[in-house]
Chemist: 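The structure under discussion is supplied below as structure tokens; questions concerning it will follow.
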Amino acid sequence: MPPAAQTDTGAESGTESMQDPAWWRQAAVYQIYPRSFADSDGDGIGDLRGVTSRVSYLTALGIDAVWLSPFYPSALADGGYDVDDYRDVDPRLGTLEDFDEMITALHGAGIKCIVDIVPNHTSNRHVWFQEALASPRGSAARDRYIFRDGTGPDGSSPPSDWDSVFGGPAWEQTQDGQWYLHLFAREQPDLNWDTREVRDDFLRTLRFWSDRGVDGFRVDVAHALTKDMAEPLPSKAELAPEGENAEGRHPFWDRDEVHEVFEEWRSVFNEYTPPRTAVAEAWVHADRRARYASPEGLGQAFNFDLLRADWDADQFRDIIAANLKEATGSGASSTWVFSNHDVVRHATRYGLPAMESGAGQDGSAWLISGGTESALDRDLGERRARAATQLMLALPGSAYLYQGEELGLHEVADIPDDARQDPTFFRNAGVDVGRDGCRVPLPWTAAGTSFGFGDGGAHLPQPAWFGEYAVQVQEEDPSSTLSFYRRALELRHQLQGEESLEWVQESSAEILHFSRPGRWRSITNFGRTPVELPEGPVLLSSSPLEDGRLPADTTVWLG
Ligand code: NOJ
């Protein structure tokens, strides 16, 4: 028999909105990269108490939920996505008690909390991996991971020629000569999801955090968990088309049986009231995304299509239409995102010439950065980013925001090599500078130690221009990007209704115009010249109107 439904113990748990099982469907979710958000103890690394200390900032911003990137014990070989222990807090970031206090403070402010769960791989310091290394070939301890003998006469060549997503080989040899699979960094050995013990342990982890009051989970690389490792392993050349076109035929991307795992997760989510939610990070073909987002599975899946689109009305229109249709089919709501901790910030992408940024290998959006600073038009980028965000906030579905985008922050391109942390930089020397540029600690004050991030330094160097973008500066300025985000989120809350959208035909293909029936209209000018606006009260404009007309690269909401 399933256990009885459990109820949160937080002080706010009786409030109606915190108990609404559909809260996630049109939530504005703010991603916190904890190490770079706010540092309460001056060690240069952001922490959970730092998050708690900024709950009033989150309230003023007007978001519905935060998503916390990993805060678990980790050697930070991949920014915390190399987890040593799934049921604890990294001592540099705090304690479980700090976590509980943070949840209570967030819930007290009516803000939900989603945590990142990393099921494809552990860290190489995880007790299971240490045990595997100390155990013989063929042991149960090794079977929790994917160990294979090498090829070649003495087994000194890897079992296959597969590449890791971060560059370099996907296999690492251990001291006794066997090899283990790591689709990401060598410090991230892939788990074997065919073992019941692995499956059960994650169910335990989901309950552990759910019992502590978390409202949902963001599921890292959800499409890679189950693998067909039958030998002989295919060569790189023989692999089914990469990632998004794999359609169930690839040995490790997007296999059909992964959904059996998520059905089990769903039954755990449904033990709680309200049910815990989940959103899949699944780089799969759009046609197959609905499986991850189904109500029997994780319930929602990221759609990175707008993030990868050019600043182009036709592309935006097609993507929005396709995703709304898909969401209707799956029973989920759409997700929209322009920035996260893996991609060049959207203010920068939109300020670079079109050829300077683009989707990375395997369809993931590890966009290139660095060396492009001279080509960057900062004002244009910020202007378009605001217009894009305002458009996104008018769409039905959940909007995912990334810390710092509300300040209009740009990517930090000039991080010295010896300060970089991202494994993609180390595994692709000279080709890809990696993702550190969007992970630089936030500027809270115009001056002072680490721009108010904390009393010590910042674990990634902050550029001098960060001061101009500081929260303190923008709070004083009604025309700042921060003031704009606050107003947009406030209006979205007031206006949000049914998850429906109606297109309004325009004579110019460069104008994207839709209404949320009976609520409000959103119009974006992707063209080069100002256009007349239809009748109606102007609620918000991402840049000032010009003589009552909608200028280029601007979104307006009409009542
Ligand atoms: C996706 C995460 O967003 C990224 O930051 C991480 O490096 C990989 N998964 C591996 O966990």
Side-chain angles (χ1 to χ4, degrees), residues 29 31-37 67-84 86 90 114-126 129 145 163-168 170 172 181-191 193 202 205 217-225 227 243-244 252-254 258 278-284 292 298 301-304 307-308 335 337-345 359-367 369 400-403 411 420-428 432-440 460:
V29 184
Q31 182 190 356
I32 292 183
Y33 194 74
R35 289 176 181 79
S36 301
F37 186 67
W67 147 29
L68 285 185
S69 280
F71 49 84
Y72 314 109
S74 167
L76 302 184
D78 179 21
Y81 285 88
D82 46 321
V83 179
D84 296 350
Y86 291 88
D90 189 309
I114 293 172
V115 299
D116 220 308
I117 197 97
V118 189
N120 180 64
H121 40 263
T122 68
S123 83
N124 58 348
R125 305 197 313 178
H126 191 284
F129 194 70
Y145 293 90
D163 293 323
S164 97
V165 173
F166 290 160
E172 184 75 10
L181 180 73
H182 59 89
L183 291 183
F184 293 88
R186 71 164 66 83
E187 296 86 353
Q188 295 168 297
D190 279 51
L191 283 165
W193 275 85
F202 272 88
T205 296
F217 299 89
R218 177 266 188 190
V219 184
D220 191 63
V221 229
H223 59 308
L225 271 46
K227 301 183 174 77
E244 298 183 33
F252 42 87
W253 298 131
D254 191 24
V258 78
V279 55
E281 186 216 22
W283 296 90
V284 299
Y292 294 83
L298 295 176
F302 279 121
N303 137 38
F304 298 113
L307 182 157
R308 291 185 287 180
T335 56
V337 50
F338 283 112
S339 279
N340 63 32
H341 66 297
D342 287 332
V343 298
V344 172
R345 285 186 176 279
Q361 55 175 341
D362 96 327
S364 60
W366 311 146
L367 299 176
S369 66
Y400 285 83
L401 310 170
Y402 176 53
Q403 68 179 37
E411 189 82 359
R420 290 205 176 266
Q421 301 175 7
D422 186 358
T424 53
F425 169 70
F426 298 109
R427 295 180 70 91
N428 293 278
D432 188 343
V433 294
R435 302 161 291 174
D436 295 315
C438 63
R439 302 174 177 182
V440 175
L460 279 167

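Indexing begins at 1, ligand by ligand and atom by atom, following the structure's order. Worth knowing before you read on, the calculation uses all heavy atoms, side chains too, and leaves out hydrogens, waters and symmetry mates.
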Chemist: Using a strict cut-off of 4.0 Å, indicate which atoms of ligand 1 neighbour a heavy atom of R435.
Modeler: 4 (C), 5 (O), 6 (C), 7 (O)
Chemist: Establish, from distance only, whether the side-chain atoms of Y145 and H182 form a donor-acceptor pair under 3.5 Å.
Modeler: no
Chemist: Any luck finding a side-chain donor-acceptor pair between S123 and D84 under 3.5 Å?
Modeler: yes
Chemist: Would you mind listing which atoms of ligand 1 come within a distance below 4.0 Å of any non-hydrogen atom of F166?
Modeler: 7 (O)
Chemist: Under 3.5 Å, N or O to N or O, is R218 touching ligand 1 that way?
Modeler: yes
Chemist: Please list, in number order, the atoms of ligand 1 under 4.0 Å from a heavy atom of R439.
Modeler: 5 (O)
Chemist: Hey, are D78 and Q188 close enough side-chain-wise for a donor-acceptor pair under 3.5 Å?
Modeler: yes
Chemist: Going by the atom numbers of ligand 1, which of them fall below 4.0 Å from some non-hydrogen atom of E281?
Modeler: 1 (C), 3 (O), 9 (N)
Chemist: Measuring only between side-chain heavy atoms, which start at C-beta, is F184 closer than 4.5 Å to P423?
Modeler: no
Chemist: Looking only at side-chain N and O atoms, does D190 offer a donor or acceptor that is under 3.5 Å from a partner on N120?
Modeler: yes
Chemist: Below 4.0 angstrom, N of the basic side chain to O of the carboxylate: do D422 and R420 qualify?
Modeler: no
Chemist: Mark up the atoms of ligand 1 that fall under 4.0 Å of a heavy atom belonging to H121, in ascending order.
Modeler: 10 (C), 11 (O)
Chemist: May I ask you to list the atoms of ligand 1 that are less than 4.0 angstrom from any heavy atom of V221?
Modeler: 9 (N)
